[in-house]
Asks: 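Take this structure, written in structure tokens, and hold onto it; I'll ask about it next.
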Amino acid sequence: MSEVIMQYSSLVNWLQELKRMPEEYWLEPIQEGKWSTGEIIAHIKAWDVFVWDERFSYFLKKSNIPPKIGDVEKINKNASYEAKSGITKNAMIDEVNECRLVLSRKLQELPNTIWEEKIQMGDSWIILCEYIKGMVGHDDHHKQQIEKFLLYKGIELFKQEV
């Protein structure tokens, strides 16, 4: 459990490094037809908020998550708008970091029984630990997209692991 929370909260350190990204690339799409780095980071924040507001309560109550809760397209579209709203890169990163740190603290405060309780989500059963691991995987997917984009632009902000 504590290792999963550490992985989940590690996004904060990665985002601190991302602050060194040149401003001119922040809202440039990472590929044709894809989001910009700013939109991706706003998307991560939007999903952190959604997960806390719309998912964690089911784990806490030990009740099943309804199959269709939340409008994915609407959440993503609102995140894109937020990124383009004029908010600065550093302000957006600070907001995401604050959100992630608050959620990480709340996760640390949960009793072990909550982490081990299986609940139904759609057609499958899941425990909170697996759910958070899925969020870490989501983070990693987007981090790789951004790092690849930056390397293509000749910018190396992150140490490449060998």
Side-chain angles (χ1 to χ4, degrees), residues 1-56 59 65 69-108 110 115 121-122 124 126-162:
M1 169 186 75
S2 59
E3 184 176 324
V4 172
I5 295 172
M6 280 180 32
Q7 291 171 347
Y8 180 69
S9 62
S10 72
L11 179 71
V12 171
N13 296 328
W14 185 87
L15 286 170
Q16 283 304 114
E17 290 299 312
L18 190 63
K19 283 184 172 185
R20 298 185 303 128
M21 174 186 192
E23 289 286 341
E24 69 249 34
Y25 300 123
W26 180 245
L27 292 177
E28 180 179 323
I30 60 168
Q31 288 180 343
E32 189 172 325
K34 297 281 187 183
W35 279 349
S36 67
T37 298
E39 289 168 297
I40 291 169
I41 300 307
H43 160 82
I44 289 172
K45 176 187 158 204
W47 282 98
D48 273 2
V49 169
F50 171 81
V51 165
W52 182 256
D53 291 346
E54 305 290 339
R55 292 283 197 245
F56 284 164
F59 287 100
I65 297 174
I69 185 168
D71 182 345
V72 172
E73 288 302 315
K74 183 178 179 186
I75 293 167
N76 289 340
K77 189 180 285 191
N78 288 343
S80 175
Y81 289 143
E82 182 179 12
K84 297 174 184 175
S85 70
I87 188 170
T88 67
K89 174 186 70 178
N90 287 349
M92 173 60 72
I93 289 172
D94 288 343
E95 284 184 15
V96 178
N97 280 345
E98 180 62 25
C99 185
R100 184 57 62 104
L101 289 171
V102 167
L103 290 176
S104 296
R105 270 193 304 278
K106 290 180 184 226
L107 287 170
Q108 287 173 333
L110 295 176
W115 284 90
M121 188 168 93
S124 59
I126 191 164
I127 61 173
L128 182 58
C129 190
E130 292 167 345
Y131 193 86
I132 301 302
K133 283 181 183 177
M135 292 181 69
V136 170
H138 177 254
D139 291 346
D140 289 346
H141 165 72
H142 288 307
K143 285 164 47 177
Q144 288 171 2
Q145 287 180 312
I146 292 168
E147 288 174 18
K148 183 177 176 182
F149 167 72
L150 291 173
L151 285 174
Y152 176 77
K153 294 292 184 179
I155 302 163
E156 188 172 351
L157 300 180
F158 309 96
K159 292 184 175 152
Q160 302 301 313
E161 294 181 15
V162 180

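Positions are given from 1, in the same order as the sequence printed here.
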Asks: Counting neighbours of NZ on Lys77 that are heavy atoms of other residues, nucleotides or ligands and sit closer than 6.0 Å, is the number greater than 12?
Replies: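 Result for NZ/Lys77: open.
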Asks: How about Lys143: does its NZ atom have over 12 heavy atoms from other parts shown lying under 6.0 Å from it?
Replies: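 It does: Lys143 NZ has more than 12 such atoms within range.
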Asks: Let me see the working for Met92 and Val96 under side-chain contact (heavy atoms from CB on, under 4.5 Å), right down to the final yes or no.
Replies: CA-CA 6 Å; Met92 173 60 72; Val96 178; 4.0 Å; yes
Asks: My understanding is that only residues two or more places apart in sequence, or in another chain, count here; which of them pass ring pair (Phe, Tyr, Trp, His ring centres under 6.0 Å) with Phe149?
Replies: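 Expected list: none.
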Asks: Once rounded to the nearest 0.5 Å, what's the spacing between atom CD of Glu95 and atom CD1 of Ile44?
Replies: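 If I round to the nearest 0.5 Å, the distance is 14.0 Å.
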Asks: As an exercise, state the distance from OG of Ser10 to CG of Asp139, rounded to the nearest 0.5 Å.
Replies: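 The distance works out to 7.5 Å.
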Asks: Between Arg55 and Phe50 (side chain of the first, backbone of the second, donor and acceptor by atom type, cut-off under 3.5 Å), is there such a pair?
Replies: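 Pair absent, no side-chain N/O of Arg55 close to backbone of Phe50.
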Asks: Would you give the length of the straight line joining atom CZ of Arg100 to atom CD1 of Ile93, rounded to the nearest 0.5 angstrom?
Replies: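 Output value for this atom pair is 13.5 Å.
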Asks: Could you list the residues that satisfy salt bridge (Lys or Arg N to Asp or Glu O under 4.0 Å) with Lys34, not counting sequence neighbours?
Replies: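 Expected list: none.
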Asks: Would you mind reporting whether Phe56 and Lys106 have side-chain heavy atoms less than 4.5 Å apart?
Replies: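 With C-beta onward as the side chain, the pair stays apart.
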Asks: Heavy-atom distance under 4.5 Å between the side chains of Glu147 and Trp14, does that happen here?
Replies: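 Yes. Closest side-chain heavy atoms under 4.5 Å.
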Asks: Rounded at 0.5 Å granularity, tell me how far CG in Leu157 sits from CD in Glu17.
Replies: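 Rounded to the nearest 0.5 Å, the CG-CD separation comes to 7.0 Å.
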Asks: Please report the closest heavy-atom contact between Phe158 and Leu150, naming both atoms and the distance.
Replies: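 Shortest heavy-atom separation between Phe158 and Leu150 comes out as CE1-CD1, 4.0 Å.
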Asks: As a quick check of understanding, evaluate side-chain contact (heavy atoms from CB on, under 4.5 Å) for Asp48 and Met135, giving each step before the final call.
Replies: CA-CA 9 Å; Asp48 273 2; Met135 292 181 69; 3.4 Å; yes
Asks: Of all the heavy-atom pairs spanning Val4 and Val136, show the shortest one and how long it is.
Replies: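 Minimum heavy-atom contact is O-CG2, 4.4 Å.
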Asks: Check whether any side-chain heavy atom of Ile127 lies under 4.5 Å from a side-chain heavy atom of Phe59, and answer yes or no.
Replies: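 With C-beta onward as the side chain, the pair stays apart.
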Asks: Might you point out which heavy atoms bring Ser9 and Ser104 nearest each other, and give the distance in Å?
Replies: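 Shortest heavy-atom separation between Ser9 and Ser104 comes out as CB-OG, 3.2 Å.
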Asks: List in chain and number order the residues that pass side-chain hydrogen bond (donor to acceptor under 3.5 Å, both in side chains) with Glu82, two or more places apart in sequence or in another chain; answer none if no residue qualifies.
Replies: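 Counting only residues at least two positions away or on another chain, Glu82 forms a side-chain hydrogen bond (donor to acceptor under 3.5 Å, both in side chains) with Lys45.
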Asks: May I ask you to decide if the ring planes of His138 and His43 are parallel, tilted or perpendicular, using 30° and 60° as cut-offs?
Replies: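 Tilted.
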Asks: Pairs of donor and acceptor atoms involving the side chains of residues 21-28, under 3.5 Å and at least two apart or interchain, shall be tabulated with distances.
Replies:
unit_1 : atom_1 : unit_2 : atom_2 : d
Glu28  : OE2    : Lys153 : NZ     : 2.7

Asks: Looking at CG of Asn97 and CG of Asn90, how far apart are the two atoms once the value is rounded to the nearest 0.5 Å?
Replies: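 These two atoms lie 10.5 Å from each other.
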Asks: Show, in sequence, the C-alpha distance, side-chain angles and deciding distance for Ile5 and Trp115, and conclude whether the side-chain contact (heavy atoms from CB on, under 4.5 Å) test is met.
Replies: CA-CA 11 Å; Ile5 295 172; Trp115 284 90; 3.6 Å; yes
Asks: To the nearest 0.5 Å, what is the distance between CG (Leu110) and CG (Leu128)?
Replies: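 One gets 6.5 Å once the value is rounded to the nearest 0.5 Å.
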Asks: Go through Gln16 and Leu11 one step at a time and tell me if the side-chain contact (heavy atoms from CB on, under 4.5 Å) criterion holds.
Replies: CA-CA 9 Å; Gln16 283 304 114; Leu11 179 71; over 6 Å; no
Asks: By salt bridge (Lys or Arg N to Asp or Glu O under 4.0 Å), which residues pair with Glu130, not counting sequence neighbours?
Replies: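 Salt bridge (Lys or Arg N to Asp or Glu O under 4.0 Å) list for Glu130, sorted by chain: empty.
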Asks: Is there side-chain contact between Val51 and Leu103, with at least one heavy-atom pair below 4.5 Å?
Replies: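 Not in contact.
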Asks: Applying side-chain contact (heavy atoms from CB on, under 4.5 Å), can you list everything that pairs with Glu98, at least two apart in sequence or on another chain?
Replies: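 Applying side-chain contact (heavy atoms from CB on, under 4.5 Å) to Glu98 gives Val102, Arg105.
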